[in-house]
Number of protein chains: 2
Amino acid sequence: MKSDLEISETALTERQKDVLDAALALLVEAGDKLTMTSVARRASCSKESLYKWFGDRDGLLTATVQWQASKVRGVPVSRDAFDRDALIIGLERFAADWLRVLSGKISVALNRVAVTHAGTDKHELDRDLGGIVLENGPFAMARRLEPVLLLGREAGLLKFEHADEAFRTFFGLVVRDVQIRLLLGDRYELSETAIERDAKRATEQFLILYKP
Amino acid sequence: MKSDLEISETALTERQKDVLDAALALLVEAGDKLTMTSVARRASCSKESLYKWFGDRDGLLTATVQWQASKVRGVPVSRDAFDRDALIIGLERFAADWLRVLSGKISVALNRVAVTHAGTDKHELDRDLGGIVLENGPFAMARRLEPVLLLGREAGLLKFEHADEAFRTFFGLVVRDVQIRLLLGDRYELSETAIERDAKRATEQFLILYKP
DNA sequence: ACCGTACCGTACCGTACGTTACGGTTGGTT
DNA sequence: AACCAACCGTAACGTACGGTACGGTACGGT
């Protein structure tokens, strides 16, 4: 191993990453009917290795979700030159990024399996798919957006009491019924132009609601 | 049979309704790990009857979802004396009703199983759980809200181009991240006062965005 | 009294899949 | 060369569960 300094970290070998990518692809194609055998076959590895590396089926699913989550890290926002245009650009980019992720096949598949799992007890085990998705989805978005909102307020461009409330309203304006419709299997293509249009609209509406 | 005139209709006997209520309760408790045997035991009926009445497991699930859907019919809005207050009352009541339903255990359980099902191919079979939930959830809400919005515009209280777009914004302002968080298993209690507060807030925000 | 219908309870079957076990191959170390 | 660890492929095991079959009971009609 190269750097084993982290405390209790992933430390995935390349081989294991390949396996997780295979599992991810399978999850997108086949949903939760993904089977250990199918993953082994797809990744050209033995089931024994799967069990050695990931413990059991849940461990594999968890590792897969975390692996995908580790791939989508957001980009921060620079603090200097923060004026109204910068705020608008920032919000629009957030909204568009979010819609793009949300409507992607991978996100839909992952959210589906996490929702499915959230129904079957055995929560609290910190290996909790729903928690992981929540943590890397809405919550991560909130954390990333919060500094932007605070900067906006600091600069006198926004007015709100709690950043959390403001974020959740922005979330609603951006996502609307898109996610639930996709999760429920509604055919719903979101073109790039539609995404950008929606991002602009949500941002405009947000600015109206939270203008000083 | 009493009246076999309908083409392909529900025509549930009382006994069958009892069974579906049992299935519903089980679905709330156990999620999708509901098994034919458990339903039979809970409802004190034989598996043979389950298969005779509902065909197979999917048929039972579909019937259960439809049965629940048939129970929550909305109340219409009267057309006369439609002023600004009536509009506000109407919107707030819609929002509060919706939040109440949405955050209920039954709704969460049903949406979970529908999302799970939406991942497993065999769509398009018109016996489509996702479609049913969508139809009786967001789409039904849209149909119920549309006349209110149109009345509001007619009365010069609202300004919008497409009622659908306006509805979806209202949806976003009301639901925000509540539903996805609940579906993903986030502990999130929504008290009655919180519901009413949120309904008011969403309505206010909506009126600001769509004022003439 | 006899029969048909509808139903309950339960035993049973087939299969899919999670999990384990094992024999064989490869590649690096001594 | 000998050895060992890691891994592949596959066969096998156990079980949960969807689906079916069948015997037994209650009841209304004739």
Side-chain angles (χ1 to χ4, degrees), chain A residues 1-2 4 10-27 29-65 109 112-113 116-117 119-122 125 127 129, chain B residues 1-4 10-27 29-65 112-113 116-117 119-122 125 127 129:
Chain A
M1 262 164 250
K2 302 300 163 63
D4 208 359
T10 46
L12 295 169
T13 69
E14 287 307 312
R15 186 79 185 93
Q16 289 166 347
K17 290 177 185 172
D18 290 345
V19 170
L20 291 182
D21 278 328
L24 208 47
L26 223 41
L27 214 52
E29 291 171 22
D32 204 12
K33 87 169 209 279
L34 156 149
T35 155
M36 298 301 274
T37 305
S38 70
V39 173
R41 198 159 37 217
R42 172 71 70 101
S44 293
C45 76
S46 71
K47 289 211 277 181
E48 192 176 31
S49 300
L50 290 185
Y51 282 100
K52 176 191 279 191
W53 292 334
F54 306 109
D56 56 6
R57 186 173 182 274
D58 271 14
L60 173 61
L61 284 179
T62 308
T64 305
V65 172
R112 284 225 181 98
V113 56
T116 301
H117 240 71
T120 66
D121 314 319
K122 61 182 171 187
L125 305 180
R127 320 157 62 232
L129 288 189
Chain B
M1 263 167 245
K2 302 299 163 64
S3 71
D4 208 359
T10 46
L12 295 169
T13 69
E14 287 307 312
R15 186 77 185 96
Q16 289 166 347
K17 290 178 186 172
D18 291 345
V19 170
L20 292 183
D21 278 328
L24 207 46
L26 222 43
L27 213 52
E29 291 171 23
D32 204 12
K33 87 171 208 280
L34 156 149
T35 162
M36 298 301 275
T37 305
S38 70
V39 173
R41 198 159 38 218
R42 172 71 70 102
S44 293
C45 76
S46 71
K47 287 213 286 179
E48 194 176 29
S49 300
L50 290 184
Y51 283 101
K52 176 191 277 193
W53 293 332
F54 307 109
D56 57 6
R57 186 172 183 275
D58 271 13
L60 174 61
L61 284 179
T62 308
T64 305
V65 172
R112 283 226 181 98
V113 55
T116 301
H117 240 70
T120 65
D121 313 319
K122 60 182 172 187
L125 305 180
R127 320 158 62 234
L129 288 189

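Just so it is clear: chains get the letters A, B, ... in the order the sequence lines come, proteins before strands, and each one is counted from 1.
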Between P of dG14(D) and CE of Met36(A), the distance in whole Å
20 Å
Taking dG18(C), dC8(D), dG18(D) as options, the one with an atom nearest any side-chain atom of Arg15(A) is dC8(D)
Can you see whether Ser49(B) engages Ser46(B) through a side-chain donor-acceptor pair at a distance of less than 3.5 angstrom?
yes
Using Watson-Crick or G-U wobble geometry with both distances under 3.5 Å, which nucleotide pairs with dG28(D)?
dC3(C)
Proximity to the side chain of Lys52(A) - top-ranked nucleotide from dC8(C), dG19(D), dA6(D)
dA6(D)
Looking for any heavy atom pair under 4.0 Å, which part of the strands does Ser44(A) touch: base, sugar-phosphate only, or nothing?
sugar-phosphate
Return the CZ to CG distance between Arg42(A) and Asp21(A), rounded to the nearest 0.5 Å.
11.5 Å
At less than 4.0 Å, is any side-chain N or O atom of Ser49(B) found next to OP1 or OP2 of dA6(C)? Yes or no.
no
May I ask you to decide whether Arg57(B) forms a salt bridge with Asp32(B), counting only side-chain N to carboxylate O separations under 4.0 Å?
yes
Separation of atom CG in Asp58(A) from atom P in dT19(C), rounded to whole Å:
8 Å
Checking N1-N3 plus N6-O4 or O6-N4 for Watson-Crick, or N1-O2 and O6-N3 for wobble, each under 3.5 Å, the partner of dA11(D) is dT20(C)
Starting at the 5' end of DNA chain D, which residue's closest nucleotide do you reach first, Cys45(A) or Lys47(B)?
Cys45(A)
What's the separation between atom OH in Tyr51(B) and atom CE in Met36(B), rounded to the nearest 0.5 Å?
4.0 Å
Starting at OH of Tyr51(A) and ending at C1' of dC7(D), how long is that distance when rounded to a whole Å?
17 Å
Of Thr116(A), Val113(A), Thr120(A), the residue whose pairing with Leu129(A) passes side chain to side chain contact (heavy atoms under 4.5 Å, CB included):
Val113(A)
Whole angstrom is fine here: how far is it from CZ in Arg42(A) over to C1' in dG9(D)?
18 Å
Just how far, in rounded Å, is C1' of dC7(C) from CG of Asp18(B)?
14 Å
For Glu48(B) and dT20(D), give me the distance from atom CD to atom P, rounded to whole Å.
10 Å
Using whole Å, report how far CZ of Arg41(A) lies from P of dA16(C).
13 Å
To the nearest angstrom, the CG-C1' distance between Leu50(A) and dA6(D) comes to 14 Å
Taking only the side-chain nitrogens and oxygens of Trp53(A), find out if one of them lies under 4.0 Å from OP1 or OP2 of dC7(D).
yes
